[in-house]
4 protein chains.
Amino acid sequence: MMKQSIPKLQKKKEKRAALLQATLLLINQGGIQEASMSKVAKMASVSPGTIYLYFENKQDLVNQLYLDIKAEFSEEAFKDFKKEEPVKESFEKIWYRIASFQTQKSEEASFLTQCDNTPMIDEESRQEGLKHLQPLVDLWNRGQEEGIIKRISPYVLYAFTIYPMAFLMNTKNRSYCKLDEQILEKAFEAAWDSIKL
Amino acid sequence: MMKQSIPKLQKKKEKRAALLQATLLLINQGGIQEASMSKVAKMASVSPGTIYLYFENKQDLVNQLYLDIKAEFSEEAFKDFKKEEPVKESFEKIWYRIASFQTQKSEEASFLTQCDNTPMIDEESRQEGLKHLQPLVDLWNRGQEEGIIKRISPYVLYAFTIYPMAFLMNTKNRSYCKLDEQILEKAFEAAWDSIKL
Amino acid sequence: MMKQSIPKLQKKKEKRAALLQATLLLINQGGIQEASMSKVAKMASVSPGTIYLYFENKQDLVNQLYLDIKAEFSEEAFKDFKKEEPVKESFEKIWYRIASFQTQKSEEASFLTQCDNTPMIDEESRQEGLKHLQPLVDLWNRGQEEGIIKRISPYVLYAFTIYPMAFLMNTKNRSYCKLDEQILEKAFEAAWDSIKL
Amino acid sequence: MMKQSIPKLQKKKEKRAALLQATLLLINQGGIQEASMSKVAKMASVSPGTIYLYFENKQDLVNQLYLDIKAEFSEEAFKDFKKEEPVKESFEKIWYRIASFQTQKSEEASFLTQCDNTPMIDEESRQEGLKHLQPLVDLWNRGQEEGIIKRISPYVLYAFTIYPMAFLMNTKNRSYCKLDEQILEKAFEAAWDSIKL
DNA sequence: CATGAATGAGATTTCATTCAT
DNA sequence: AATGAATGAAATCTCATTCAT
């Protein structure tokens with residue numbers, strides 16, 4: 001009542017974060033249809049009405065979650081990325097960072113997969129999310145100019161190197177198959193082999 | 001009233017088919033949340049109550065749709081499949097058939113992608129759907145014994161050869177990129193390169 | 001196809017009977033709300049549409065069931081009833097016959113209880129059902145004239161002698177308490193004591 | 001808007017009460033089948049959704065109504081009940097209090113009758129409701145020890161003394177017969193005669 | 001007579017959103 | 001800012017009844 005140990009702004013951010021986190025978990029568990037606003041509120045220990053102080057509506061909540069996680073994803077993917085490094089080395093680093101994201105932040109990764117394969121997200125937000133991959137596209141371009149990488153559309157390159165990780169992630173989650181280091185190496189080999197010249 | 005042009009059984013099947021088709025389109029358009037039973041009924045020109053003559057409930061409707069399409073998918077994928085053919089030839093044929101399914105039956109393909117990356121489908125139905133791929137797994141096994149294919153889990157093989165097509169399909173649908181014959185060839189090359197020894 | 005082992009009329013009656021029986025059991029189990037026309041049909045091994053060949057609608061089905069059972073009840077109650085016998089003897093006989101009906105035909109008895117304490121039955125049918133008790137009312141009248149029975153309304157006499165059996169029946173069904181011969185005798189004593197002068 | 005005449009808690013209780021009252025009236029009028037949730041809502045001047053803030057579902061609504069009224073009933077029945085009074089006096093007081101409840105709160109009484117003769121109520125709630133009668137059972141026990149009351153099961157005692165009032169109530173409601181003081185005295189006499197030694 | 005698929009109104013219940021406090 | 005009771009439209013599902021066969 002007297003003093004607030006946590007500054008207001010931070011408290012606000014915390015509530016927003018709690019709401020996003022709750023949404024993330026609920027959508028992963030049962031899809032968007034199971035993530036009702038009141039469940040989200042309850043899980044975030046907040047009143048349903050409060051959600052609307054932070055988000056315009058449900059769609060906005062999901063869109064913001066998507067964009068936040070996409071940003072987190074690309075930050076992770078391109079951490080320590082240096083433009084000058086050799087193409088393969090750079091690609092390998094990025095690939096493993098993404099793999100690491102998939103395993104370390106599996107909830108986030110699952111959610112992205114669900115968004116990217118579903119009409120859950122506004123087309124606008126989806127476009128917005130795509131931009132994050134630009135550094136990788138640039139890298140591939142360089143690789144193609146250097147004659148190291150096949151001359152195919154970045155969509156195809158993405159489809160055969162990055163996108164498969166989502167599948168492995170999901171199957172791993174459903175525990176048909178463990179993703180240990182050895183398998184990861186094999187997987188990277190497959191990814192690289194599919195696009196290298 | 002005059003003459004009975006359509007036999008009963010066929011009429012019955014037609015209604016079931018219309019319901020499944022409506023569900024397919026609606027889920028592709030807006031996800032499962034937008035595919036309400038009344039919309040499905042309206043689109044199939046049927047009364048809401050009628051749905052429940054053919055399906056137990058919404059989940060059952062979606063599950064059956066999934067299994068039906070999975071069956072259609074694998075029938076297409078393994079049409080003319082002969083066990084004696086060389087591994088690569090066989091694989092190539094299957095791969096192209098799947099690619100063809102993705103483009104010819106794009107609604108069905110989109111739907112499968114959505115199901116496979118979402119908690120939309122019962123785990124039971126999902127397992128059931130997986131069985132359809134057994135011939136491909138067997139083929140890969142043979143390829144591994146013959147020393148043609150890398151010794152990695154079929155999940156990984158699938159992730160790098162078949163799963164990418166879903167992505168290409170979706171991007172194609174969203175028309176960022178056309179899937180012409182030339183691209184297809186490149187894509188197959190990528191797929192094969194990723195797993196061949 | 002050729003010959004019908006069961007004459008048509010009988011078959012018709014059998015179907016009607018089966019429908020009434022099914023209704024009886026279902027209403028006893030879960031009340032009128034649980035006795036849907038399709039459940040009734042299924043239990044009677046008949047198509048839903050067929051019900052409407054025998055009964056106008058659901059209300060009519062229930063009303064007819066009520067009246068049929070009321071008739072059965074009073075036939076049982078007044079079997080071998082002779083107007084000349086002494087009042088107490090007559091009453092005792094009737095009372096025991098009713099008790100016997102309650103135990104022998106417990107489903108029917110339960111159903112009557114439910115009808116008589118519920119707005120389930122048309123007022124008209126209810127009035128109709130009441131007429132069956134006329135002989136008992138007459139007997140009581142005679143008893144009153146003979147100075148054997150208290151001079152109170154037949155409704156009250158009924159309330160304290162016959163109506164209690166429904167309660168005992170129900171509790172017996174729910175098996176809190178067994179209705180053996182000894183208890184029955186005590187119960188009759190109570191009934192008689194309550195109205196005798 | 002101007003001043004808050006009614007405290008929140010009271011308002012909340014009022015809404016619950018209005019819902020229970022509406023349910024009571026509707027079930028009395030047409031049985032449980034006629035008491036749809038929307039009718040209940042409308043009669044309580046409340047939105048359908050609001051019901052579910054106060055009750056889990058329809059069954060819960062009915063169960064709570066039953067238990068509430070049973071409690072009200074027994075509070076009325078055993079008001080001013082003193083353990084030391086002579087058995088007959090005590091019994092008489094209780095009996096008249098119940099009679100008074102039946103006439104004063106005829107809707108509530110009708111409802112209880114309907115519940116007690118119908119599979120409308122969960123067995124659990126029914127058991128719960130039975131407990132309220134314990135003081136009467138104890139009284140009877142004492143009467144039996146004192147040699148005043150017949151040695152028969154409390155079920156039978158109940159059947160011949162209390163249960164009949166429900167019948168009289170119902171017939172009174174249907175106005176075949178008025179329950180004036182004189183009739184009431186006769187009725188009590190019948191009740192007492194049936195169980196006294 | 002009998003069927004049972006089909007209907008569509010209506011039942012129960014949920015849920016995104018609002019608003020008085 | 002925050003609450004959470006309240007809303008009411010809409011979702012899922014049921015069911016008495018009809019009608020073409």
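A note on names: the letters A, B, ... follow the listed sequences, proteins ahead of strands, and every chain is numbered from 1.
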Whole angstrom is fine here: how far is it from [atom1] in [X] over to [atom2] in [N]?
X       : N      : atom1 : atom2 : result
A/Leu61 : E/dC15 : CG    : C1'   : 14 Å
C/Glu14 : E/dC1  : CD    : P     : 13 Å
A/Ile51 : F/dG4  : CD1   : P     : 13 Å
A/Met37 : F/dT3  : CE    : C1'   : 15 Å
B/Lys42 : E/dA9  : NZ    : P     : 12 Å
D/Ile32 : F/dC15 : CD1   : P     : 13 Å
C/Asn57 : E/dA9  : CG    : C1'   : 17 Å
A/Phe55 : F/dA2  : CZ    : C1'   : 15 Å

Contact nearer the 5' end of DNA chain F, comparing C/Ala35 with B/Ala35: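 First, find each residue's nearest nucleotide; the 5'-ward one identifies B/Ala35.
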
Starting at the 5' end of DNA chain F, which residue's closest nucleotide do you reach first, B/Ser38 or D/Pro48?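 Whichever sits nearer the 5' end wins; that is D/Pro48.
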
Does a salt bridge link B/Lys39 with B/Glu34, judged by any charged N lying under 4.0 Å from a carboxylate O?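 Judged by the 4.0 Å cut-off on N to carboxylate O distance, B/Lys39 and B/Glu34 do form a salt bridge.
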
Let's see if you can work this out: which of [options] has an atom nearest to the side-chain heavy atoms of [X]?
X       : options              : value
A/Ser36 : E/dC15, E/dA2, F/dT3 : E/dC15
B/Ser47 : E/dG8, E/dT12, E/dA6 : E/dG8
B/Leu53 : E/dG8, F/dG4, E/dA6  : E/dA6
B/Tyr54 : E/dA6, E/dA2, E/dT3  : E/dA6

Searching all strands shown, indicate the nucleotide that pairs with F/dT3 (Watson-Crick or G-U wobble; both distances under 3.5 Å).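 Matched F/dT3 with E/dA20 under the 3.5 Å cut-off.
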
Determine which nucleotide pairs with E/dT13, using a 3.5 Å limit on both distances of a Watson-Crick or G-U wobble pair.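 Paired with E/dT13, as far as the under-3.5 Å criterion goes, is F/dA10.
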
Heavy-atom nearest nucleotide on DNA chain E for D/Tyr52 versus B/Val46: which residue maps closer to 5'?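 Here B/Val46 is the residue nearer the 5' end.
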
Of A/Glu56 and D/Lys58, whose nearest nucleotide on DNA chain E comes first from the 5' end?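 By nearest-heavy-atom nucleotide position, the 5'-most residue is D/Lys58.
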
When you check the side-chain N and O atoms of B/Tyr54 and B/Asp60, is any donor under 3.5 Å from an acceptor?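 Short answer, no.
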
Contact under 4.0 Å: D/Lys15 side-chain N or O vs F/dA5 OP1/OP2: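 Checking D/Lys15 against F/dA5: no side-chain N or O falls below 4.0 Å of OP1 or OP2.
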
Result of checking A/Thr23, A/Thr50, A/Leu61, A/Val62 against A/Phe55 for side chain to side chain contact (heavy atoms under 4.5 Å, CB included):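 Single pass found, and it is A/Leu61.
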
Spell out, as yes or no, whether a donor-acceptor pair under 3.5 Å connects the side chain of A/Arg126 to the backbone of A/Cys115.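 Yes; judged by distance alone, with no hydrogens or angles, the pair exists.
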
Can you confirm whether B/Thr118 sits close enough to B/Ile32 that some side-chain heavy atom of one is under 4.5 Å from a side-chain heavy atom of the other?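 No; the side chains remain at least 4.5 Å from each other.
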
